[in-house]
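Before any comments, here is the structure.
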Amino acid sequence: MSKIKERINLIERGLSNLKSTDNSVKIIAVSKKKSSKDIKEAFEAGISNFGENYLQEALGKINELKDLGISWHFVGKIQSNKCKEIAENFNWVHTIDRYKVASLLEKYCPKNKIIYGLIQVNIDDEDTKSGIAPEEVKTLLKELKSLKKIKIIGLMIIPAINELDEDAISPFARIKKLLLELQEENPNLKELSMGMSQDYEMAIKEGSTIVRLGESIFGKREKK
Ligand SMILES: *Cc1c(COP(=O)(O)O)cnc(C)c1O
């Protein structure tokens, strides 16, 4: 059995033992810096959702693997001038944090295609990170209601690494609370994209519905 398949089996076994939520949890294999060959191995082991951060890097792989029927998730920072190619090539966008980006995705979304969108929230109020402030999400959601092809169905966070302080309320719990508040006016908001290789089990216990796993599936990425 390949290493990738072994790791996926292990993760799935772990998930079925967690049983802490009623939610089913979707696994996104984040394949940045990994080859089409690795992606194909993960696909053959049962993964059908893949995430990429860098558009140029992703386009080659998406093209090479277009016959597989993969769902592609854009999880990187979005520049306005990339929206056309993102809309044409991805099925989900996790990192919407302003109206302009969403409206450009809508403008360039091909006919008869729907893109699922998540709003990236800057839960830890870090200046270096993208994402909208928690208190601004409500207003953004109102603005995004006019969009037809971009369906906003949840929130996404990348918590600060040093945040795992035992006593503090976890960023996962805080975003879950925000989701519940927003659901009153936005019943379609159901997904929480949170949890990466280091912390996905904790994220799932706090209500994650989508985990984004890179190294735990593909092995270590080389550092730049
Ligand atoms: C790289 C990346 C991941 C996966 O990280 P791992 O630690 O390898 O699991 C998840 N989400 C985003 C946004 C990423 O950039």
Side-chain angles (χ1 to χ4, degrees), residues 3-15 18 25-36 38-39 41-43 45-59 61-62 70-79 82 86 89-98 101 105 115-132 153-164 170-172 175 191-224:
K3 269 258 181 293
I4 289 175
K5 187 172 168 57
E6 249 171 56
R7 293 194 199 99
I8 290 170
N9 287 350
L10 204 68
I11 291 166
E12 286 183 335
R13 219 171 305 140
L15 289 191
L18 263 179
V25 176
K26 192 197 281 291
I27 298 177
I28 313 292
V30 179
S31 44
K32 60 180 176 225
K33 296 189 182 171
K34 297 293 170 178
S35 67
S36 296
D38 286 351
I39 295 173
E41 261 182 56
F43 181 83
I47 301 286
S48 56
N49 291 277
F50 289 84
E52 289 279 345
N53 297 59
Y54 308 104
L55 180 67
Q56 287 317 315
E57 180 194 331
L59 290 178
K61 298 185 232 178
I62 292 174
I70 285 174
S71 256
W72 290 101
H73 295 242
F74 193 78
V75 300
K77 204 169 158 62
I78 306 180
Q79 293 156 312
K82 302 282 165 64
I86 292 173
N89 289 282
F90 285 82
N91 308 92
W92 288 63
V93 178
H94 289 227
T95 43
I96 293 172
D97 61 0
R98 55 198 193 276
V101 157
L105 291 172
I115 295 173
Y116 294 107
L118 306 174
I119 297 186
Q120 183 177 358
V121 183
N122 187 352
I123 195 74
D124 297 312
D125 192 22
E126 288 183 291
D127 359 307
T128 52
K129 227 180 257 163
S130 28
I132 184 173
I153 57 168
L155 307 176
M156 177 268 208
I157 56 167
I158 309 174
I161 297 159
N162 57 8
E163 179 72 30
L164 300 174
S170 83
F172 304 130
I175 197 75
E191 307 291 340
L192 280 179
S193 168
M194 60 185 193
M196 304 174 24
S197 295
Q198 297 305 319
D199 56 15
Y200 68 95
E201 295 188 331
M202 190 199 287
I204 290 169
K205 286 182 190 151
E206 302 278 12
S208 171
T209 64
I210 302 175
V211 292
R212 308 181 308 267
L213 306 181
E215 294 193 330
S216 57
I217 288 179
F218 293 111
K220 282 251 174 280
R221 285 181 298 275
E222 57 197 84
K223 297 278 181 291
K224 274 208 177 132

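Atoms within a ligand are numbered from 1 in the order they appear, just like the ligands themselves. Model, not experiment: these values are computed from the prediction. Only heavy atoms go into these numbers, but all of them, side chains included; no hydrogens, no water, no symmetry mates.
Protein heavy atom nearest atom 13 (C) of ligand 1, with residue, atom name and distance: Val75 O, 3.5 Å. Among protein heavy atoms, atom 6 (P) of ligand 1 sits closest to Ser197 OG, 3.5 Å.
Within the listing of ligand 1, atoms 13 (C) sit less than 4.0 angstrom from a heavy atom of Ile158. Numbered from 1 in the order shown, with element, the atoms of ligand 1 that lie under 4.0 Å from a heavy atom of Asn53 read 14 (C), 15 (O). Close contacts of ligand 1 with Leu213, meaning ligand atoms under 4.0 Å from a residue heavy atom, involve 9 (O). Which parts of ligand 1 touch Glu215 is read off a 4.0 Å heavy-atom cut-off, strictly below it: atoms 6 (P), 8 (O), 9 (O).
Not one N or O of Ser216 is nearer than 3.5 Å to an N or O of ligand 1, by distance alone. Considering backbone and side-chain N/O atoms, Gly214 comes within less than 3.5 Å of an N/O atom of ligand 1. Of the N or O atoms in Gln198, none lie within a sub-3.5 Å distance of an N or O in ligand 1.
For atom 2 (C) of ligand 1, the choice among His94, Met196, Arg212, Lys32 with the nearest heavy atom turns out to be Lys32.
Taking all atoms of both residues into account, the shortest heavy-atom contact from Lys5 to Ala45 is CG-CB, 3.7 Å. Scanning all heavy atoms of the two residues, the minimum distance from Pro159 to Pro171 falls at CB-CG, 3.6 Å.
Classified by interplanar angle (parallel below 30°, tilted 30° to 60°, perpendicular above 60°), the ring pair His73/Trp92 is parallel.
Counting only N and O atoms by type, the side chains of Thr209 and Glu191 include a donor and acceptor under 3.5 Å apart.
With Asp97 contributing its side chain and Ser130 its backbone, the two residues share no donor-acceptor pair below 3.5 Å.
Contacts between Thr95 and ligand 1 below 4.0 angstrom, taking non-hydrogen atoms only, are absent altogether.
Note that NZ of Lys220 is 12.0 Å distant from NZ of Lys33, once rounded to the nearest 0.5 Å. Of the inter-residue distances, the one linking Lys26 atom NZ with Ser71 atom OG reads 6.5 Å to the nearest 0.5 angstrom.
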